[in-house]
Amino acid sequence: MALDVVLADEAATIRFGEDMALALKRGDYVALSGDLGAGKSTFSRALIRAIADDAFLEVPSPTFTLVQTYDLRIPVAHFDLYRIADAAEIDELGFDEALSDGICLVEWPEKADGALPADGISLTFLHEGDGRRVFIDGPAPALARIRRSLAIRAFLDEAGYGNATRRHLTGDASIRAYEHIHTGETRFVLMDSPAHMPGPILAQGKYYQQIAHIAEDVKPFIAVGRYLVSRGLRAPEIHAMDIAQGILLIEDLGSEGVLDAAGAPIAERYRESAACLAHLHGQGFARDLPVTDGIVHRVPDFDRDAMQIEVSLLTDWYLPFKRGTPASNAERRDYVAIWDALIESLGAGEHNLLLRDFHSPNIIWRPDALGTDRVGIIDFQDAMIGPSAYDVASLVQDARVDMPDDVAQGVLDHYLSQRAAQGGFDRTRFLRDWHVMAAQRNCKLIGLWVRLMQRDGKPAYMRHMPRTFRNLTRALSHPDLAPLRDWCEKAGILATES
């Protein structure tokens with residue numbers, strides 16, 4: 001169903017351009033229709049500046065040049081077809097090439113009737129009082145993205161930040177996206193986390209997210225974040241929330257991380273991050289965590305089904321990618337049996353809250369703070385109760401960073417020394433479980449990188465594959481993992497990738 005948006009004044013038109021900038025993606029064609037002075041140019045300028053994250057970017061009208069191009073996070077080509085004599089001229093302007101790589105904004109699209117895509121997004125601007133009204137139409141998926149962006153603007157308005165400036169921050173490997181929200185001198189982070197759509201049923205009447213205990217709404221983030229703070233760690237404060245829509249306005253902990261300008265690990269920051277884990281693991285854990293208004297989040301166990309569905313990514317995605325044929329039934333049977341035994345062996349080890357993705361993308365360094373407050377923790381909504389060795393493996397073998405051996409060992413040693421000082425810590429048992437958890441995580445990632453490339457159209461993650469195999473090789477060095485090491489060697493995957 002088409003959308004109808006009322007814009008009270010020029011400021012509202014500028015905000016609408018910013019909202020649309022966060023709704024569009026590569027390959028979107030936007031047809032801008034309306035009388036002179038109806039707001040098309042104001043809208044286009046605001047959209048381009050928002051994508052550029054530059055409020056003062058020069059955005060000239062393409063009236064005489066016919067097209068202006070902008071090499072931005074998403075490239076934008078701004079066309080004005082008022083002066084073309086024939087619709088065929090659109091080809092000479094490089095429309096198809098621009099659309100294949102970015103976003104095309106087209107004013108006066110009717111001048112090229114029949115030469116432009118029929119499935120574009122259309123915005124029709126009409127004067128209305130001192131403002132304007134915009135009718136939006138287009139394909140259902142595009143309209144859904146636009147509705148979501150407008151819902152975020154409504155959320156900000158309800159929270160008292162209707163005039164805030166929105167800028168893209170990042171997306172991750174899930175459906176979540178993040179924005180920077182600027183209001184006066186204050187900057188927040190907005191988490192856009194719509195509820196997961198069910199995937200195909202895999203086992204026991206459940207889909208992957210359910211079996212792997214992936215958060216399906218924002219309630220776990222709220223509950224776990226508050227719990228971490230109660231345990232003396234630093235998670236972002238939540239300033240406004242809409243649980244039903246999956247929108248949170250949270251504290252901005254900063255933009256400094258644990259890597260240097262060249263992307264290399266800063267040893268001190270990794271060691272302090274390990275100290276935070278030691279601090280958490282030295283305390284007991286709670287399973288039922290309050291969310292709000294009587295809502296309680298029960299933290300799930302990192303159980304056999306969750307571990308097995310994760311490591312199955314290696315057989316389900318990596319082996320077919322590597323060989324061109326699926327894993328054999330015998331390979332799958334042996335692989336599952338090996339992991340069943342390893343998972344069973346973890347039962348006697350130490351368990352605590354497991355953050356799941358405790359590594360460089362999710363650690364904020366706060367240089368002006370003290371102690372554990374220096375380490376800001378984000379992206380913990382998928383937390384489970386499981387072997388405490390898992391998060392230490394995730395940190396020491398950061399999947400996205402080349403960790404020199406001495407740095408990695410120093411981080412692990414710092415954690416071990418912190419735990420030893422607490423008393424009652426079984427170092428030998430922990431290190432054995434560390435190898436098992438490192439192997440489990442890397443087997444998952446090996447398949448995940450392929451799935452992100454093939455299913456989700458995100459090939460950039462494949463650059464982590466050689467590092468992941470190196471990490472797996474180290475994990476398999478423990479004698480208790482000999483059966484898994486033998487299986488990997490027989491499958492022919494270690495020698496070719498590490």
Side-chain angles (χ1 to χ4, degrees), residues 170-174 257-271 273-274 277 307 310-323 339 354-363 365 379 382 389-415 431 433-478 481 484-485 487-489 491-498:
T170 185
D172 61 18
S174 72
V258 293
L259 308 179
D260 64 19
I266 300 174
E268 176 202 5
R269 299 181 183 184
Y270 272 83
R271 288 196 301 269
S273 300
L277 290 178
M307 292 193 197
E310 288 189 344
V311 298
S312 72
L313 293 175
L314 185 148
T315 48
D316 291 351
W317 289 90
Y318 176 75
L319 283 185
F321 161 75
K322 181 65 177 179
R323 300 172 173 176
W339 272 113
L354 181 157
L355 301 178
R356 200 170 196 154
D357 281 314
F358 191 70
H359 57 172
S360 55
N362 301 327
I363 301 173
W365 184 254
D379 199 12
D382 296 330
Y390 183 95
D391 281 338
V392 183
S394 176
L395 181 67
V396 173
Q397 291 194 336
D398 194 322
R400 290 164 171 78
V401 180
D402 287 326
M403 297 282 287
D405 290 343
D406 61 331
V407 173
Q409 190 61 48
V411 174
L412 180 57
D413 289 344
H414 190 64
Y415 173 87
L431 284 173
D433 289 352
W434 182 93
H435 281 83
V436 176
M437 288 288 83
Q440 193 275 341
R441 180 169 174 80
N442 286 301
C443 284
K444 174 189 75 172
L445 291 174
I446 286 167
L448 180 61
W449 304 146
V450 176
R451 189 178 75 177
L452 285 166
M453 174 181 65
Q454 293 186 331
R455 189 193 72 179
D456 302 333
K458 299 177 179 179
Y461 287 94
M462 287 295 288
R463 71 183 185 275
H464 303 309
M465 189 70 83
R467 180 187 308 113
T468 307
F469 271 97
R470 291 195 297 271
N471 289 338
L472 176 60
T473 299
R474 181 187 177 190
L476 295 176
S477 65
H478 194 281
L481 280 90
L484 181 59
R485 182 172 62 250
W487 184 94
C488 289
E489 289 175 349
I493 60 175
L494 290 181
T496 57
E497 297 284 355
S498 59

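Side chains included, hydrogens not; waters and symmetry mates left out as well; all remaining heavy atoms used.
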For residues [X] and [Y], determine if any side-chain heavy atom of one lies less than 4.5 Å from a side-chain heavy atom of the other.
X: Phe358; Y: Ile363; value: yes
X: His414; Y: Tyr270; value: no
X: Ser273; Y: Val258; value: yes
X: Leu445; Y: His464; value: no
X: Val436; Y: Trp339; value: yes

Partner of Arg441 by side-chain hydrogen bond (donor to acceptor under 3.5 Å, both in side chains), out of Asp357, Thr468, Asn471:
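The side-chain hydrogen bond (donor to acceptor under 3.5 Å, both in side chains) with Arg441 is passed solely by Asp357 among Asp357, Thr468, Asn471.
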In terms of side-chain geometry, is the basic nitrogen of Arg474 or Asp405 positioned less than 4.0 Å from the acidic oxygen of its partner?
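So Arg474 does not pair with Asp405 through a salt bridge.
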Shortest non-hydrogen contact between [X] and [Y], atoms and distance:
X: Gln397; Y: Trp434; answer: NE2-CH2, 3.9 Å
X: Ala475; Y: His435; answer: O-CD2, 3.3 Å
X: His359; Y: Ser394; answer: CB-O, 3.7 Å

Specify whether Tyr461 and Trp449 have parallel, tilted or perpendicular ring planes, treating 30° as the upper limit for parallel and 60° as the lower limit for perpendicular.
parallel
Within 6.0 Å of CG in Asp260, more than 12 heavy atoms from elsewhere
yes
Please report the C-alpha distance between Ile446 and Leu313 in whole Å, then the side-chain angles of each, then the deciding distance to 0.1 Å, and finally whether the side-chain contact (heavy atoms from CB on, under 4.5 Å) criterion is met.
CA-CA 7 Å; Ile446 286 167; Leu313 293 175; over 6 Å; no
